Amino acid sequence: MTAFFTLPSLPFADDSLAPVISANTMGFHYGKHHKAYVDNLNKLAVGTEYAECALEEIARKTAGHPDKAGLFNNAAQAWNHAFFWESLLPGGGGKPSGKMAELIDRDLGGYDKFKADFLNAGLTQFGSGWAWLVSQNGKLAILKTPNAETPLTGPAKPLLTIDVWEHAYYLDYQNRRADFLSAVIDKLLNWDKALERLNA
Ligand code: MN
């Protein structure tokens with residue numbers, strides 16, 4: 001049986017996020033870590049009812065079932081990583097304009113407070129996990145999740161994410177997770193994609 005799940009192409013060249021995220025980090029993070037989640041999912045899903053499901057569907061169906069932890073972790077991580085790459089844009093980041101700026105002012109206390117709170121969500125996620133900008137109950141909100149956990153399994157609609165697993169930043173920033181988060185927020189967030197996801 002051929003593998004159903006495939007590693008999606010990056011939406012940018014692997015050296016185009018430098019110096020915020022180096023090509024070296026991308027080589028490991030995308031080429032090794034993200035690929036391994038996809039490869040493991042193919043091994044785990046083959047011959048099961050999940051063999052040709054969307055990643056979102058597998059994550060939702062297996063969440064909270066300890067006997068399905070392998071399927072959940074690899075499907076959710078495959079989805080989270082594809083979503084993360086699409087959350088980044090070379091030359092992006094900084095204060096958005098238009099609708100996203102209005103919503104950040106309305107719901108999150110303005111851009112400076114958004115940046116501080118989003119950074120803090122990633123910084124205070126103990127161990128591995130993710131920081132998220134989401135839309136929930138008609139408002140923007142900031143969440144953090146541990147390990148492979150994802151807003152996909154709850155009511156919030158994810159708009160942007162930053163990976164705070166050590167493999168996301170250690171080659172470039174060592175233990176300075178806050179510096180990594182600050183640089184990604186200032187220079188890489190894809191605000192057009194956030195608005196597109198909000199309106200989808
Ligand atoms: Mn990662």
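These numbers were taken from a predicted model, which means no experiment stands behind them. Nothing fancy with the numbering, it's 1 onward along the sequence. Whatever order the structure lists ligands and atoms in, that order sets their numbers, starting from 1.
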Original post:
How wide is the angle at the Mn ion (ligand 1) between NE2 in H167 and NE2 in H81, to the nearest 10°?
Top reply: 130°
**OP:** Answer yes or no: is there a donor N or O on one side and an acceptor on the other, between the side chain of N120 and the main chain of A116, under 3.5 Å?
**Re:** no
**OP:** Name whichever N, O or S atom of D163 ends up nearest to the Mn ion (ligand 1).
**Re:** OD2
Original post:
Do any of the N, O or S atoms of H34 sit under 2.8 Å from the Mn ion (ligand 1)?
Top reply: no
**OP:** Show the numbers, then the answer: is there a salt bridge (Lys or Arg N to Asp or Glu O under 4.0 Å) between E57 and K61?
**Re:** CA-CA 6 Å; E57 191 180 359; K61 284 183 172 173; 3.0 Å; yes
Original post:
Will you find, in the side chains of W165 and H33, an N or O donor that is under 3.5 Å from an N or O acceptor?
Top reply: no
Original post:
Any chance NZ of K157 has more than 12 other-residue heavy atoms, nucleotides or ligands included, within less than 6.0 Å?
Top reply: yes
Original post:
Is there an N/O/S atom in H29 that lies less than 2.8 Å from the Mn ion (ligand 1)?
Top reply: yes
